[in-house]
Structures are given as C-alpha cells and as structure tokens.
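Below is one structure, written out as structure tokens; comments come after it.
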Amino acid sequence: MASFSSRSRTSSLTAAMLLLLGVLFIANLDMTGAQVGICYGMMGNNLPPATEVIALYKQRNIKRMRLYDPNQAALNALRGSGIEVMVGVPNSDLQRLSNPSEANSWVKNNVLNFWPSVKFRYIAVGNEISPVNGGTSWMAPFVLPALVNVFNAVRAAGLQDQIKVSIAVDMTLIGTSYPPSAGAFRGDVISYLAPIVGHLSYAKTPLFANIYTYFSYSGNPRDISLPYALFTSPSVLVWDSGRGYQNLFDAMLDSLYSALERLGGGNTLDVVVSESGWPSAGGFGTTSDNAGTYLSNLIRHVKGGTPKRPGKAIETYIFAMFDENQKQPELEKHFGAFSPNKQPKYNLNFGGHRNWDISTEQNATVSLKSDM
C-alpha cells in the first residue's frame with residue numbers, strides 16, 4: 001500500500017510538472033506570436049481582398065500588422081479582429097500634416113473613427129525619409145512637424161499611452177556600424193535626427209527601424225558570410241567590448257542603439273524593427289531555402305534580445321505578407337511569406353499549434369567562404 005501511495009504521489013508530481021512545462025511552452029509560443037507581426041503591403045494586382053487577408057492573419061495566429069497607409073478596406077476588415085496595428089502616414093502626406101489642423105483631421109478620419117474596434121498600436125509618420133536621399137530629401141523638413149502634430153492629435157484624444165507615434169528609418173542613416181559599440185549616424189543627418197530623437201525620448205516612444213541583413217550581405221559577401229546573415233553561424237564571429245555577436249541582425253541593431261546613445265537617446269529609447277525579411281528570388285543569395293531559414297530563425301531569435309540589451313524581446317515586423325508583383329526592381333517582388341493565393345511559402349510558427357504546412361522541406365544552408 002505504501003508503495004502504491006508513493007507511486008501515486010510521484011505520478012501526480014510528474015503530471016503537475018508536465019502540465020507546468022506545457023503551460024510555459026504555450027506561453028513561450030504566445031510571446032513569440034505577440035512579438036512578431038507581418039507587414040501587409042498591397043502593391044500587387046493579384047492579391048486577395050482585405051477581408052480574406054485579415055482572416056488569414058487570424059488563422060495563422062499573426063497578432064500584429066503593419067499597414068503602410070490607412071487603407072479603408074483593411075481598417076474596416078480589422079474591426080473586432082484583435083490584431084494590433086501599426087498604421088502609416090504615407091510620405092506623400094507629410095507636407096500636408098505639417099499643418100496641425102490637417103494632422104487632427106487625419107487622426108480623426110483614420111484612427112479615431114475606427115478606435116477601439118481596431119487596436120491601433122503605433123502610427124508611423126513616414127517611411128525611410130532621408131535628408132541626403134535625392135528621392136526623399138525634399139520631404140525631410142516636414143517629418144518633425146508632422147510627427148509632433150500627429151502626436152498632439154493623439155494626445156488630445158487621450159490616447160498617447162495606447163497609441164505611440166514615431167517614424168520609420170532605414171540603416172542608410174548609419175555612418176559607422178562596425179564594431180557595434182562604435183555605431184554612429186552620418187554627420188550630414190544629425191541635424192535632421194537629433195530633434196526627432198529628442199521628441200521620441202520625451203514622448204517615451206520607440207524609434208521604428210527597417211533592418212535587412214540581406215542587403216548588407218548581398219552588398220558585401222566577401223566580408224559578411226551567409227551564416228552570419230542567416231542566424232546559422234555555429235559560433236561567435238565578432239567580439240566587441242566583451243560582447244559576442246553570432247549574427248548580423250544583432251550587430252546592426254546594436255550599432256543603431258549605439259548611434260542613438262550618441263545622439264542623446266541614452267539607454268531609454270527602444271527600437272521596434274518595423275521591417276525585416278529576405279527575398280526568395282530576383283537577386284544574389286535569393287533562394288527559398290535562404291528566405292525560409294532567415295524568417296524562421298528571426299522569429300525564434302527576437303525573443304531574447306541583443307548582446308547590448310540581453311533578455312529584452314525585440315518587437316519585429318516581417319516584410320512582407322505577400323509577394324507583390326507590381327513592385328520594382330524584380331527583387332522587391334519576392335519578399336512574401338505567402339504567395340498571392342494565400343499558400344505559405346515557408347514553415348513558420350507564430351505561436352499556433354503547428355508550423356505552417358507546406359510541401360517543400362527546408363534544407364540546411366551552405367556556408368560561404370567568409371568568416372564574418
């Protein structure tokens with residue numbers, strides 16, 4: 001009898017431990033789903049309607065979305081979905097929104113009219129504006145006024161703690177990126193960025209950054225190896241001030257953190273990775289294997305932070321939901337996690353019960369020559 005009781009207690013403890021582990025595993029998956037979203041681009045003439053896209057997000061347990069403009073069909077389809085949204089102010093609207101009354105109208109028409117049935121998380125005021133990029137430089141003077149005006153409109157509605165307002169930059173604004181601790185912005189963009197960083201620090205709002213290891217790798221495959229870009233390096237490849245870097249994504253993000261510190265952002269300004277992805281065709285190093293490897297490793301990796309900010313999950317948005325056949329150049333057409341027929345291109349897990357079911361099996365990536 002004593003032996004039976006002992007076995008019973010052991011069995012009960014084992015069952016309890018298994019239950020706890022199961023709960024922790026599910027919580028871990030949920031955290032992954034909560035941290036990673038997908039950008040919903042619409043530059044294709046063969047994409048499904050917005051209602052089907054929102055249903056696909058829900059089916060695949062994708063809990064966050066980036067929209068590049070306040071597309072009314074998408075916003076209406078998002079009502080009651082529970083999906084958290086980053087909605088963009090298109091670059092073409094920046095000059096207009098430098099007028100406070102226009103910013104108030106934009107927020108009313110595109111945010112307040114849908115709140116709270118649409119769960120807005122962020123407003124991105126412009127995308128990849130640079131004062132030294134000939135294509136966008138003329139817009140640069142309007143970014144800060146539009147940013148402040150949209151922030152003030154959100155604050156006037158009492159939603160500044162629920163909806164954060166920021167801008168999305170790309171890594172071309174970084175002048176020094178290696179080693180990460182030496183990260184610094186280009187000298188000719190300091191006057192543009194400094195007041196923006198000051199405002200974001202005041203508003204306790206993260207900076208949005210589009211970070212692509214693909215472009216760094218494809219632009220310099222001699223010095224940057226494929227495993228370093230794909231999170232598949234078996235060991236640390238870069239040591240910097242006692243911090244070890246096993247992947248390029250962390251090095252790029254930490255160089256941005258260092259640049260922000262030099263600009264007065266200190267250790268308080270966070271970064272949301274508003275785009276990251278890898279194309280499956282159209283350029284150097286573009287294969288389905290590489291793209292699937294990058295995305296699956298990215299989803300796993302961002303739970304744990306960077307060497308500079310360890311243990312702090314990195315909110316990240318994959319670019320993009322679909323292949324978009326109206327984009328140029330050819331490379332830009334192949335960033336989708338899904339084909340336009342809504343079939344997944346890769347085995348990815350966003351916290352659901354199983355990976356996406358696709359017929360092609362992902363193969364191990366072959367290392368290139370470089371050690372970095």
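All values below were derived from every heavy atom in this structure, side-chain atoms included, with hydrogens, water molecules and symmetry-related copies excluded.
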Rounded to the nearest 0.5 Å, how far does CG of L67 lie from CD1 of I83? 9.5 Å

Inter- and intrachain pairs under salt bridge (charged side-chain N to carboxylate O under 4.0 Å, His left out), touching residues 92-108, at least two apart: D93-R96, R96-E102

Among residues two or more places apart or on two chains, list those pairs meeting ring pair (Phe, Tyr, Trp, His ring centres under 6.0 Å) that have a residue in residues 306-337. Y212-F335, F319-F335

Steps toward side chain to side chain donor-acceptor pair (under 3.5 Å) verdict (N91, E128): CA-CA 9 Å; N91 292 347; E128 297 186 347; over 6 Å; no

In Å and rounded to the nearest 0.5 Å, what is the NZ to NZ distance from K119 to K63? 9.5 Å

Under the 3.5 angstrom rule, does the side chain of N297 hit a backbone N or O of L230 as a donor-acceptor pair? yes

Hydrophobic clustering (ILVMFWY, side-chain heavy atoms < 4.5 Å, transitive) - are V89 and V111 grouped together? yes

Can you tell me how far the CG atom of N341 sits from the CG atom of N46, to the nearest 0.5 Å? 9.0 Å

Shortest non-hydrogen separation from S191 to P195 and the atoms involved: O-CD, 3.3 Å

Apply side chain to side chain donor-acceptor pair (under 3.5 Å) to the pair N325 and N45, showing each step before the final yes or no. CA-CA 7 Å; N325 64 3; N45 61 12; 2.8 Å; yes

I314 reachable from Y294 in the ILVMFWY side-chain graph, under 4.5 Å edges: yes

Are any of the side-chain heavy atoms of K58 and S81 separated by less than 4.5 Å? yes

side-chain contact (heavy atoms from CB on, under 4.5 Å), that's the test. Do T213 and Y228 meet it? Break it down for me. CA-CA 9 Å; T213 67; Y228 191 53; over 6 Å; no

hydrophobic_cluster_shared for V272 and V197, side chain cutoff 4.5 Å: no

Heavy atoms only: give me the nearest G277-L295 pair and the separation to one decimal. CA-CD2, 4.1 Å

A side-chain contact here means heavy atoms from C-beta on lying under 4.5 Å apart; do E275 and N127 qualify? yes

Closest contact, heavy atoms only, N290 versus G285: ND2-O, 3.0 Å

Check whether W239 and I224 end up in the same hydrophobic cluster, where Ile, Leu, Val, Met, Phe, Trp and Tyr are linked by side-chain heavy atoms less than 4.5 Å apart. no

Are any of the side-chain heavy atoms of V132 and Y192 separated by less than 4.5 Å? no

So does A74 get a backbone contact from the side chain of N71, meaning a donor-acceptor N/O pair under 3.5 Å? yes

Please tell me if the side chains of V154 and I163 come closer than 4.5 Å, counting only heavy atoms from C-beta onward. yes

Report the C-alpha separation of S280 and K345 in whole Å, then their side-chain angles, then the decisive distance to 0.1 Å, and conclude whether the side chain to side chain donor-acceptor pair (under 3.5 Å) test is met. CA-CA 9 Å; S280 59; K345 291 167 62 179; 3.0 Å; yes

Within the 4.5 Å heavy-atom criterion, are V165 and T205 side-chain neighbours or not? no

Do P307 and D250 have side chains that get closer than 4.5 Å, going by heavy atoms? yes

Has S98 got a side-chain atom pairing as donor or acceptor with A146's backbone, closer than 3.5 angstrom? no

Candidates E84, R66, E315 - the one meeting side-chain hydrogen bond (donor to acceptor under 3.5 Å, both in side chains) with Y122: E315

Run the side-chain contact (heavy atoms from CB on, under 4.5 Å) test on R186 and L173 for me, step by step, so that the C-alpha distance in whole Å, both residues' side-chain angles and the decisive distance to 0.1 Å come before the verdict. CA-CA 6 Å; R186 294 172 47 140; L173 301 185; 5.7 Å; no

Interatomic distance, T268 atom OG1 to E261 atom CD [nearest 0.5 angstrom]: 9.5 Å

What class does the angle between the rings of Y202 and H199 fall in, given that below 30° is parallel, 30 to 60° is tilted and above 60° is perpendicular? tilted

Could you give the distance from OG (S255) to CE (M171), rounded to the nearest 0.5 Å? 4.0 Å

Heavy atoms only: give me the nearest R262-S181 pair and the separation to one decimal. NH1-O, 3.0 Å

Ignoring hydrogens and angles, state whether a donor on the side chain of S101 or N99 is under 3.5 Å from an acceptor on the partner side chain. yes

Linked, directly or transitively: L237 and L248 (ILVMFWY side chains, under 4.5 Å): yes

Over all heavy atoms of both residues, which pair between V125 and I167 is shortest? Give the atoms and the distance, please. O-CG2, 3.5 Å

Residue pair P70 / V87, side-chain heavy-atom distance below 4.5 Å: yes

Give a yes or no on whether the backbone of A209 and the side-chain of S274 come within a donor-acceptor separation of less than 3.5 Å. yes

Under 30°, 30 to 60°, or over 60°: which ring-plane class applies to W115 and F120, parallel, tilted or perpendicular? parallel

Using the rule given for side-chain contact (heavy atoms from CB on, under 4.5 Å), can you reason through H301 versus L298, listing the C-alpha separation, both sets of side-chain angles and the distance that settles it, and then say yes or no? CA-CA 5 Å; H301 180 77; L298 176 71; 5.7 Å; no

Under the side chain to side chain donor-acceptor pair (under 3.5 Å) test, residues paired with D270 that sit two or more places apart: R309

Separation between OH (Y40) and CD1 (I62), nearest 0.5 Å, reads 12.5 Å

N149 versus N152, side-chain donor and acceptor atoms under 3.5 Å: no

Side chain to side chain donor-acceptor pair (under 3.5 Å) between D170 and T172: does it pass, once the steps are laid out? CA-CA 6 Å; D170 65 10; T172 63; 2.6 Å; yes

Determine, step by step, whether E324 and K333 satisfy the salt bridge (Lys or Arg N to Asp or Glu O under 4.0 Å) criterion, reporting the C-alpha distance in whole Å, the side-chain angles of both residues, the deciding distance to 0.1 Å, and the verdict. CA-CA 5 Å; E324 298 172 67; K333 299 177 181 179; over 6 Å; no

Report yes or no: does S258 contribute a side-chain atom to a donor-acceptor pair with the main-chain N or O of P180 at less than 3.5 Å? yes

Non-hydrogen side-chain atoms of I38 and F350 separated by less than 4.5 Å: yes

Apply side-chain contact (heavy atoms from CB on, under 4.5 Å) to the pair T286 and Y214, showing each step before the final yes or no. CA-CA 9 Å; T286 59; Y214 169 75; 3.3 Å; yes

Can you see which heavy atom on A259 is nearest to which on I174, and at what distance? CB-CD1, 3.7 Å

